[in-house]
Student: 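Shown below is the structure under consideration.
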Amino acid sequence: MRKDYNLEKRKFVIAGAVLVIVAVYVVRLFSLQVGDNDYKRYADGNAFQRKTLYPSRGFIYDRNDELLVYNQPAYDVMMIPREVHDLDTLDFCNTLGITLEEFDRYIDDMKDRRKNPGYSTYTPQVFMTQLSTQDYGRFQEKLYRYPGFYTQNRVLRQYSRPIAANVLGNIREVGVSDIERDDYYRRGDYMGDLGIEKSYEEVLRGMKGEEILLRDAYGRIKGKYEDGRYDVQPVSGRNITLSIDADLQAYGEKLMQNKTGAIVAIEPSTGEILALVSSPTYDPSLLVGRERGKNYARLTRDPSNPLYDRALLARYPPGSTFKPTQALILLQEGIVTPETRYPCTGGFVVGGLKVGCHAHAAPINLVPSLATSCNAYYCYGLRSMLDNRQQYDSTSTAYEVWKEHLVSMGYGYQLGIDMPTESRGYLPNRHVYDKVYGVGGWRALTIISIAIGQGEILATPLQIANLAATIANRGYFYTPHVVKAIQDSVIDSLYLQRRYPTIDARYYDYVVEGMRMAVTDGTCRTANLPDIEVCGKTGTAQNSHGRDHSAFMGFAPMNDPQIAIAVYVENAGFGATYGVPIGSLMMEYYLKGEIDPSRKHLEERMFNSKVEGNSGKKR
Amino acid sequence: MARNVNAWKTVDKFTIFLYLILVFFGWISIYAASYDFDQASIFDFAERSGKQLVWIGLSFILAFCIMLIDARMFETYAYLIYTGFIILLLFTFAFAQEVKGSRSWLMITDTIRLQPAEFAKFATALAVAKMFNGYNFKFTQPSNFFKIVGLVVLPLVIIVLQKETGSALVYFSFILMMYREGMTGLVLFGGIMAIVYFVLGIKYSAIDWLGAPLGEVIVLVLICVALIFIVRYFAENKRVARTLSYFYILAALVVAILLLCKVAVPIFYVLMGVVAVSVVYLLLVYWTTFSSKILVSVAVTIVSVAFMFSCNYFFNKLQQHQRTRIEVLLGMTEDLHDAGYNVNQSKIAIGSGGMWGKGFLNGTQTKLKYVPEQDTDFIFCTIGEEEGFWGSCLVLALYTALILRIMVIAERQPRPFGRVYAYSVLGIFFFHLFINIGMVIGLCPVIGIPLPFFSYGGSSLWGFTILLFILLRIDASRGEHF
């Protein structure tokens, strides 16, 4: 028996080598399995196919529960680039009805990380969107031939009536900036654009869900992961009920056809907008589906700019519809009493300055001044206020007091309607005049035209309608809004609170009386309905873009106001020519549901007349 | 005087215990790895787990039979068994059909086939052990050394010809046994250094450092450091080793100072100069001492430098797919679809297991067939994914225990036959473990060899069972004198 003790020691070397290698492997396993690395994420990307489940978008109803906007199915072609192989491109293109060039462009768009920041060869990517039902059927049949491709259901909008495009808005595919701003969105998703689709996007869109499917190395689906325990069901968008009366809206749009301008009708007791007409308008269905891009571009290029919501964005000189605010301020400040008379000698003539007026009895006190829309009365009134050094220490101070009253009535600032955009109109503060005329360099006469709603003052049709509602309510208004109710939710409390202008309620009665007299004996006798007490005020707004705008502001019935309205027809001349007929027809239609035969000719005339407007025009 | 005792009484129960555990874990891992979502039972014989159960049962019978055989029979018939398997290997090579590009499978029926290469291992181990046991056999004699190497290389060459390179490489594991039996450690050391030089030389060949490829600079420095160790521990000349270290430290300091003074140092030539000076110095030492080991040290150094220069040349001569495999392993290129796919998927599967794993049958990567060969060569992925870090470590611990236990058995053998056979077995198990798990966790190149007792397949299970139980049978008779 031989034993070499020197060699026997080598067992330690061998054992040591084994232990060292095992130790190295343990360290490596530790770093792979416990250490911080991406392998877990890779594993999920490998094995899980996360399929997004799209919720149904909320429906939109009008105030009488008439369904205006609902959903139609659409199909997107999705691809997982890594899994596409052996693609017969030509056959694929034929099936989808696209050309090879389009195919290349879709692929390029998809891979372009500027357009598609979420691009990855491992995850589903949108190849093309909005397949027609026929193409979808054909594609689905041949789908087995195109590994790596599948279809994804989407939701497109469908409109039951071609009205209220400006209110409803539409949906569009999200852009890169949307994806960057809100990581809810992925390429190919849709979001609201314009109208309440935009302002109520988060209510309408619901929540996307997710289904986690297991797939093997060949991309075959092997079932749901953990039997769907980690799936997230999509939450449908909530339905919205508008305050808009679809019939009234449609009627308004018809009255306004071939004319440029806006109608805003508000229910005074709630601030709910009954009609929000902007003309010219468009059929909202134009902005659905694959033709959307083309139609959108066409609407953008259209010189009459139908996408421009004149009811909320157009800033018009308020003209004579402004006079009720003046009457209220003069009464509130004690500058006039209802009995105070001012002369009118064919207008307001002081020094070299003349503001013209038309023939009526003079001198005149407050109520008839509204009925006859006497310019002189309000010029004298404003001068009495601004130049009153007993009450105010300077013109500026007086002016600021005047301005603050107007702000409280909703002028000069956004009212806060629940739409994506709204103009604030324009109400200059004293600094604007200080800048133009120098500090102390201006007096009442310098800016006298603001007394009759001309000059620098600009207001939106919404602000004017809101004034009508305020007067109808005798001293308060609700912030105007277009959404009456949200399914399983409530509307913003902002729209449920009364807002009180800084005018005492008792003064409104005189203004109401004046506006009633304007209808019975004054400038807007056309608005005199047989059995409804209508109150109104005409406006003939001079403007720098040609003929005067024809305006009307009013409400009815006088003692139980259901509707307050403002109408603007651009470049249509006297308020009585277009504003009054349209406004009165709207009120009559809303209150009676039909037009009295004696007034059918008015309706006929409005339907068929044509006036070229100019606001929002592309120059 | 011979004394026969009941082998079951003296057999090493701990090893049998480890064997049973490993086989059981292997079986459920195969079930997990080939588990499909609509699969019914672990006992379904149409499935791989069911088939493996048959193989396991047959292995147990095989092991039982081996235990019944007289231990002396293995020694007596060692050469016969060896010759028989060499003939079988040749026969397979000549007549077998090609399966997956290799001619290593012997078709018994259409569905049952055997791989003789798996059995040739124990035959070779027996033959080598018998030769060591020969009267007055001295391994240090060159002729004996070459006889042993010949016994090992013969099956290796045939298996390479069968295009089963992985299985052939296993025969390198006999080096471990040879080392234990007195082969100079320089071979082992040289082999390791060659791998290190190759890896570093290739990996950093493209990086430029002070006008020279960084890879070559590192290798030259390592050659110098290695020389100190060789002189110190192989030539056993402390004085010369110390002188060399002083010289290298001095040279390093000079280079460092020059670099700090921003003098351009032709680093490659400086290092070559340092190596040349060392060689000349050692030759002078040889002149005075006539120590042949000093001369060997010089030869090793010169061969190392030559190896370094030839590395890149040979690397570029390799076939593209082999080069890619090496480049992927060294992290030089990322090729996640072809050469790197398997290993990357395997790392993903293991990495996703985490500390405690996803739970039995809950692994997504292995279930969904992301990992190729997941019930054979890549079976460790299933354990890594489903049982996590602790499960992987448990398996590693079981193997380590088995290997160390075999070492204990080896060292208690009264005769070289038992010891040499035991170390051969140890080497084979260790090599399989080292390469297979190293490959799966991305530390070794992809060489397709099974994980003992885990990988699916009757041939490999039987091969390892025979290998282990012959050892246990021999060990059981260690008390007998013959």
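In what follows, chains carry the letters A, B, and so on, assigned in the order in which the sequence lines appear, proteins first and then strands, with residues in each chain numbered from 1. The analysis underlying the following values was restricted to heavy atoms, covering all of them including side chains, and did not include hydrogens, waters or symmetry mates. From a predicted model like this one, the values you see are computed outputs, not experimental measurements.
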Student: Checking Asp189(A) now: which residues fulfil side-chain hydrogen bond (donor to acceptor under 3.5 Å, both in side chains) with it, not counting sequence neighbours?
Tutor: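 Counting only residues at least two positions away or on another chain, Asp189(A) forms a side-chain hydrogen bond (donor to acceptor under 3.5 Å, both in side chains) with Tyr54(A), Arg154(A), Lys208(A).
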Student: Looking only at side-chain N and O atoms, does Tyr146(A) offer a donor or acceptor that is under 3.5 Å from a partner on Asp91(A)?
Tutor: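 Tyr146(A) and Asp91(A) do have a side-chain donor-acceptor pair below 3.5 Å.
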Student: Can you check side-chain contact (heavy atoms from CB on, under 4.5 Å) on Gln413(B) and Arg478(B), steps first, answer last?
Tutor: CA-CA 6 Å; Gln413(B) 294 307 308; Arg478(B) 65 184 179 277; 4.2 Å; yes
Student: Name all residues meeting the ring-ring contact (aromatic ring centres under 6.0 Å, His included) criterion together with Phe139(B); count only those two or more places apart in sequence or in a different chain, and write none if there are none.
Tutor: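 Testing Phe139(B) for ring-ring contact (aromatic ring centres under 6.0 Å, His included), a comparison that skips the adjacent residues, returns Phe132(B), Phe145(B).
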Student: Within residues 92-101 of chain A, which residues come under 4.5 Å of chain B, heavy atom to heavy atom?
Tutor: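 From residues 92-101 of chain A, none sit under 4.5 Å of chain B.
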Student: Output side-chain donor-acceptor pairs under 3.5 Å for residues 19-30 of chain A, partner residues at least two apart or in another chain, one line each.
Tutor:
from: Tyr25(A); atom 1: OH; to: Phe434(B); atom 2: O; distance (Å): 2.5
from: Arg28(A); atom 1: NE; to: Ile441(B); atom 2: O; distance (Å): 2.8
from: Arg28(A); atom 1: NH2; to: Ile441(B); atom 2: O; distance (Å): 2.9

Student: Hey, could you give me the CZ/CD distance between Arg180(B) and Glu8(A), rounded to the nearest 0.5 Å?
Tutor: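 Spacing of CZ (Arg180(B)) from CD (Glu8(A)) equals 5.5 Å.
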Student: So which residue, Tyr423(B), Phe430(B), Tyr399(B), Tyr179(B), ends up with the most heavy-atom pairs under 4.5 Å with chain A?
Tutor: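 With the most close heavy-atom pairs to chain A, the winner is Tyr179(B).
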Student: Under a 4.5 Å heavy-atom cut-off, does chain A meet the side chain of Met183(B), its backbone, both or neither?
Tutor: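 Interface part for Met183(B): backbone (N, CA, C, O).
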Student: Compute both the distance and the angle, then confirm whether Arg205(A) meets the cation-pi test with Tyr184(A): under 6.0 Å from the six-membered ring centre, within 45 degrees of the axis.
Tutor: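 Positive - Arg205(A) is close enough to the ring of Tyr184(A) and near enough to its axis.
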Student: What part of Leu188(B) gets within 4.5 angstrom of chain A, counting heavy atoms only: side chain, backbone, both, or neither?
Tutor: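 Contact with chain A: none, neither part.
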Student: Would Lys130(B) pass as a cation-pi partner of Phe417(B), given that its NZ or CZ must be under 6.0 Å from the six-membered ring centre and within 45 degrees of the axis?
Tutor: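 Ring-cation test returns no.
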Student: Give, as side chain, backbone, both or neither, the part of Ile350(B) having an atom under 4.5 angstrom from any heavy atom of chain A.
Tutor: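 Both parts, heavy atoms under 4.5 Å.
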